[in-house]
Every structure is written in C-alpha cells, then in structure tokens.
J.: 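The structure follows.
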Amino acid sequence: MSTLLQPVRGTHDLLPEDTRRHRHVEDTAFAVARRYGYGEVVTPIFEFTEVFARTLGETSDVVTKEMYTFTMGEDSLTLRPEGTAGVARAFISNGLSQSLPLKLFYRGPMFRHERPQKGRQRQFHQVGIEFLGVESPLADVEVVSMGWRMLEALGLKGKIQLEINTLGDLDSRTAYRNALVAYLEPMRLTLSEESRARLDKNPLRILDSKDEEDRRIVAQAPVMTDCLTPAAREFFDQVTAGLTALGIPFTVNPKLVRGLDYYCHTAFEFTTDALGAQGTVLAGGRYDGLIGQMGGPATPGIGWAAGVERLSMLLGEAPPPERPVALVPMGDAMAALALADRLRAAGISVDMGFSGNMKKRMARAAKAGARFAIILGEDEAARGAVTLRDLDSGEQAEVAEERLLGLLTAQKSE
RNA sequence: GCGGGUGUAGCUCAGUUGGUUAGAGCGCCAGGUUGUGGUCCUGGAUGUCGUCGGUUCGAAUCCGAUCACUCGCCCCA
C-alpha cells in the first residue's frame, strides 16, 4: 500500500463497530461522573508547549521524548499528551477559582510519540476527571471510588485490581528521597543502566523498575510510609479507611510511583493483566501544588484519567444499537421515502435500500438487524395498507397504514 | 530509542527443494425464486504476493534495504 494511503503510525481509524464500544465507554464514564456532580469541559487539543513542559516535569519521559511539538511563527505548540495540564490552564485562564469546588469531566484524543504496542497508540483517547479545591482526604476517597464505580458500570469489576500508595507531602517526599538515595548510592554500580540515571534525576522511579537485579535491591529499600510526616500519614490513613468503609477492595503498593512530577499524597492505579505489558487502565492522584506552580492561585486538586482504547479492549460487547424497521418498497419508491420520513419524525429508526429486487432488500433488512420489514406493495397500497413482517418469527400480516405507527411504537416500548 | 516475530483477496490463512494462467474458507455479487431474509444449491468478481532493489533462464519463495503491523524493553492510559 502506498505510504500516502496508510494512516500515520500509531493512529487508527475507528469504524462504526469500534465507535460503538468507544462511545459506550465514554458515555458510561460521563453518566457516572454526572452522578457525582461533574460537568464536561472541552479544552483545546494543543497548548503552548510550556503548559506541559513546566507541569509534567522537565525530566519526565513524556516531556523529554514523547511530545508532538511544532512551531507556528514564534510559538512553540504541543499536542496534548494528557489532560490535567490543559484543564489546570483553563481553570486559571477562566478565573474559575471563584467557582470552587469544581468538578470537571473531559474526554478526547491525547498524543504521545511512543513506539506503538498492544494498548498503546500515538493518538489515543482518554476520559478523565479533575476535582479542584478540596483539601480533605474525603475528596480522594470520592474520586478513587468513582473510578471504581465507573469500571463496575462497564462490567469490568472482575478483571481489575486497585493499587494505591501515598507520595506524602513535600516534607515527606524530601525525607524519603534522601533516605532512598542514601540506601541506593552504595549499590550504584549494581543498578541497571536506566536506574543509575534515575538515581540522579528521579530516584523514586527506581522503585517500579522491572529489571530483576533492581527489584532485588529495591525489595530491601526503605519505603515511603517510613518517612511520612504525621500529617501525611494521617491523610493516607483516612483515604484507606474511607475506601474500606465504601467496600472498595484495594492493596497498598508502597512501590507505586507516578511518572509525572505534579503528584503528591494519594497515587493510585487500576490495573489488569489482560492487556499484555500495558496493565494500567485508569490512574491518577492528588496534585495540590500544580495550579500554584503554574502561576494560578494555590488550589488543591485530585483526578484521574482512563484509556478509552484499553477499556474498550477489555469490554466484551457494547450494547447493540437500536434495531431499525426496514422499508421494502415494491413500486413507488418516493411514497416509501415519504412513509419513512413520517416514521422517522415519530422517532422510529428506519432503514431503506435504494436498489435491488425484493430478495435483495429483504436480505439487506435482515443484515441491518431489523426487527420488522414493512412491505409496500401495489395491492396493499390500493387498500391503504402495508404488509408488516416480523423478521424474527417470519410471521406477517396486512396492516392499515394509519395503524402502523401505533403498532411500531408499542413494539418499541416493549 | 533498543531487541524478537510477521507482511499473499475485504477478513482468516494455505502455497512443496525457486518452475507456466497464485489457492481455500468466510464475506461480496449474480442466478435457482423479476412479492419475501436468515438454510440449501449453482455460478462469478477480486490480488502491483507490503515497497524498492539484487541474485537467477525463471522469485510469493533466496539476499539486501525500506515501510507497516505485532510482541517485549523503556515509559505510560
């Protein structure tokens, strides 16, 4: 196939069969979010590069090698690699600190220049939420439990585990970072190459290294929970107690860290083992420092994002679309189109072919999944009637045209 | 960015030690039935064998490059 006719690497077309699952995931997520009082926000899919570079962390992988950045005139712009930075920017731009607390839901495409794999694309879609302005750990409980309820609503409860950890407050993090470096430094040469680099730049990330030797070393390392300030410990205890009170199963994973710099306190991940190397399906955490750091009023926040493609892959089948009624005109096709027009105006989904003999049209009706076929023949037309055929049972009967709409409407509401 | 695997019809795949017009199933189209679908029967169409180059009398088959997909690493949704 010519290069021109191929989609760009890591991008995919979503055909109707795909969008059915895709929309089901998005719509379910939003329906659940609405029950928690969220409104939808739509921010641009590109921002000034600074918006991402400053907030995600200059050393994060996303910023250093995964951004789609381009220049227009003087401006450096970047296709959004994730949603939180843009929402935070919109919060500041629109002066929304007047409306706190604020609950925002978003959905849409994200872009990361990574090597594609199963469950990883260069353009992918996320649904996500941000809850701004509440410092209480109860906000964390609500946000995490909402993620769980959403996965439950998608029927994925049995395929997913929740892991949770705390990154503590600033003091806890500094203390822990020092303790960790002090422990690892003497073993620097036994660490993997990547981890040696991380030791200087972002030692916390060594914790979730997949290198076997690293894992052995890390197994004995000090854990975050040892270094928590009393306040940070109390915060985390309330979060876990809250989840327990709501009956949400989770495991505390002290090795869980997040790749982006803006997280503090609660970090969590919903994972599955059904997607190969890409186990994370929904993840997030608290980011109290983010908005202040971007130049806005100091505002606490917590949120999560979920990968729509990954969730779609876990989904068995999306709910089937509404079954249409098929119109099969034998003679006057325009009269049939007019009838279709009246039925559609009444809210009935009508499929009508424009060519072919009766056999072809009936086959088309069956393929469209139609429940009924309305056959418009000359004989019936003369009597002001149509033939209504039940395509499931094969039974058919002549029906006066004025009774048709009533019958179909009654059927539909069954 | 690094390493492994794979590219043949719309889809899933066969194709022998290199040998004429490259196959199957499903799907699609047509007919059996010009007013009756889902079953059945009959017939039909469809390929730059991913692309470019090389070896050879001859390449889907061997070699090289390239592109894409895929699995893993890194990292993440």
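Proteins come first, then strands; the chains are lettered A, B, ... in the order of their sequence lines, and each starts at number 1. Not measured: the values here are computed from a predicted model.
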J.: What dot-bracket string describes RNA chain B from 5' to 3', counting Watson-Crick and G-U wobble pairs whose defining distances are under 3.5 Å, with [ ] for crossing pairs and | for pairs to another strand?
T.: (((((((..((((.....[...)))).(((((.......))))).....(((((..]....))))))))))))....
J.: What integer distance in Å separates R80(A):CZ from rA77(B):P?
T.: 14 Å
J.: Is the side chain of N253(A) donor-acceptor paired with the backbone N or O of E163(A) at a distance under 3.5 Å, no angle test?
T.: no
J.: List in chain and number order the residues that pass side-chain contact (heavy atoms from CB on, under 4.5 Å) with A232(A), two or more places apart in sequence or in another chain; answer none if no residue qualifies.
T.: D169(A), S172(A), L228(A), T229(A), H265(A)
J.: Without decimals, in angstroms, what is the distance between E26(A) CD and rA77(B) P?
T.: 18 Å
J.: Measure CD/Q126(A) against C1'/rC76(B) and give the value in whole Å, please.
T.: 9 Å
J.: Taking the same atom, P, in rU16(B) and in rG7(B), what whole-Å distance lies between them?
T.: 12 Å
J.: Would you tabulate the nitrogen or oxygen pairs shorter than 3.5 Å linking the protein to nucleotides 27-34 of chain B?
T.:
unit_1	atom_1	unit_2	atom_2	d
rA30(B)	OP1	K360(A)	NZ	2.8
rG32(B)	O6	K359(A)	NZ	3.3

J.: Name the nucleic acid region contacted by G147(A), choosing base, sugar-phosphate or nothing; use a 4.0 angstrom heavy-atom cut-off, strictly under.
T.: nothing
J.: Quick one: label Q121(A) by what it contacts on the DNA or RNA (base, sugar-phosphate, nothing), any heavy atom closer than 4.0 Å.
T.: base
J.: Test of understanding: with side-chain contact (heavy atoms from CB on, under 4.5 Å), list the residues that count as partners of V223(A), not counting sequence neighbours.
T.: T225(A), D226(A), P254(A)
J.: For E82(A), which contact category applies under a 4.0 Å heavy-atom criterion: base, sugar-phosphate, or nothing?
T.: nothing
J.: Going by side-chain contact (heavy atoms from CB on, under 4.5 Å), name the residues that satisfy it together with S393(A), two or more places apart in sequence or in a different chain.
T.: D390(A), E395(A)
J.: Between rC71(B), rC76(B), rG37(B), which nucleotide has the shortest distance from any of its atoms to the side chain of K118(A)?
T.: rC71(B)
J.: Say we look at rG10(B) and rA45(B): how far apart would their C1' atoms be, to the nearest angstrom?
T.: 13 Å
J.: Would you tabulate the pairs of protein nitrogen or oxygen atoms and nucleotide nitrogen or oxygen atoms of nucleotides 1-11 of chain B closer than 3.5 angstrom?
T.:
unit_1	atom_1	unit_2	atom_2	d
rC2(B)	N4	R115(A)	NH1	2.5

J.: Would you call the rings of F111(A) and Y68(A) parallel, tilted or perpendicular, taking 30° and 60° as the class edges?
T.: perpendicular
J.: Quick one: label G128(A) by what it contacts on the DNA or RNA (base, sugar-phosphate, nothing), any heavy atom closer than 4.0 Å.
T.: nothing
J.: So what does E378(A) hit on the nucleic acid, given a heavy-atom distance under 4.0 Å: a base, only sugar-phosphate, or nothing?
T.: base
J.: Within the 4.5 Å heavy-atom criterion, are V328(A) and L376(A) side-chain neighbours or not?
T.: no
J.: If the C1' atom of rA24(B) is compared with that of rG15(B), how far apart are they to the nearest Å?
T.: 10 Å
J.: Can you tell me the distance, in whole Å, between the CD atom of Q123(A) and the C1' atom of rA77(B)?
T.: 14 Å
J.: Pick the P atom in rG27(B) and in rG38(B), then give their distance to the nearest Å.
T.: 11 Å
J.: Only counting residues at least two apart or in another chain, list the ones meeting ring pair (Phe, Tyr, Trp, His ring centres under 6.0 Å) with H22(A).
T.: H125(A)
J.: Give the residues of residues 148-167 of chain A touching RNA chain B, defined as any heavy atom closer than 4.0 Å, sorted by residue number.
T.: none
J.: Does anything in residues 356-366 of chain A form a side chain to side chain donor-acceptor pair (under 3.5 Å)? List the pairs, not counting sequence neighbours.
T.: D351(A)-R364(A)
J.: How close or far is atom C1' of rG35(B) from atom CZ of R383(A), stated in whole angstroms?
T.: 13 Å
J.: I need the full list of salt bridge (Lys or Arg N to Asp or Glu O under 4.0 Å) pairs touching residues 320-341 of chain A, with sequence neighbours left out, sorted by first then second residue.
T.: E322(A)-K412(A), R323(A)-D392(A)
J.: Any heavy-atom pair between the side chains of F91(A) and L132(A) that's under 4.5 Å?
T.: yes
J.: With a 4.5 Å heavy-atom cut-off, do I302(A) and E142(A) have their side chains touching?
T.: no
J.: rA77(B) P sits how many Å from L282(A) CG, rounded?
T.: 10 Å
J.: With nearest nucleotide decided by heavy atoms, which residue, A363(A) or H125(A), maps closer to the 5′ end of RNA chain B?
T.: A363(A)
J.: Rounding to the closest angstrom, what is the interatomic distance between rU46(B) and rG64(B) at atom P?
T.: 35 Å
J.: So, does the side chain of R389(A) form a donor-acceptor pair with the base of rG37(B) at under 3.5 Å?
T.: yes
J.: How about F131(A) and D140(A): do any of their side-chain heavy atoms sit closer than 4.5 Å?
T.: no
J.: What's the verdict on side-chain hydrogen bond (donor to acceptor under 3.5 Å, both in side chains) for S76(A) and T71(A), showing C-alpha distance, side-chain angles and the deciding distance?
T.: CA-CA 5 Å; S76(A) 175; T71(A) 303; 5.0 Å; no
J.: Mind checking what makes side chain to side chain donor-acceptor pair (under 3.5 Å) contact with Q117(A), not counting sequence neighbours?
T.: R120(A)
J.: Rounding to a whole Å, what distance do you find between E398(A):CD and rU36(B):P?
T.: 16 Å
J.: For the pair made of CZ in R371(A) and C1' in rG37(B), what is the distance, rounded to whole Å?
T.: 15 Å
J.: What does R112(A) touch in the nucleic acid at a heavy-atom separation under 4.0 angstrom: a base, only the sugar-phosphate, or nothing?
T.: base
J.: How far does the P atom of rA60(B) sit from the matching atom of rU51(B), given to the nearest Å?
T.: 11 Å
J.: Does some side-chain heavy atom of R310(A) sit less than 4.5 Å from a side-chain heavy atom of T280(A)?
T.: yes
J.: When the P atoms of rU20(B) and rA59(B) are compared, how many Å lie between them, rounded to an integer?
T.: 11 Å
J.: Taking the C1' atom in each of rU8(B) and rU12(B), what is the distance between them to the nearest angstrom?
T.: 12 Å
J.: On RNA chain B, check which nucleotide each of Q396(A) and E309(A) is closest to and give me the residue with the more 5' one.
T.: Q396(A)
J.: Write out all pairs satisfying ring pair (Phe, Tyr, Trp, His ring centres under 6.0 Å) with one or both partners inside residues 28-53 of chain A, taking only residues at least two apart or from two chains.
T.: F30(A)-F105(A)
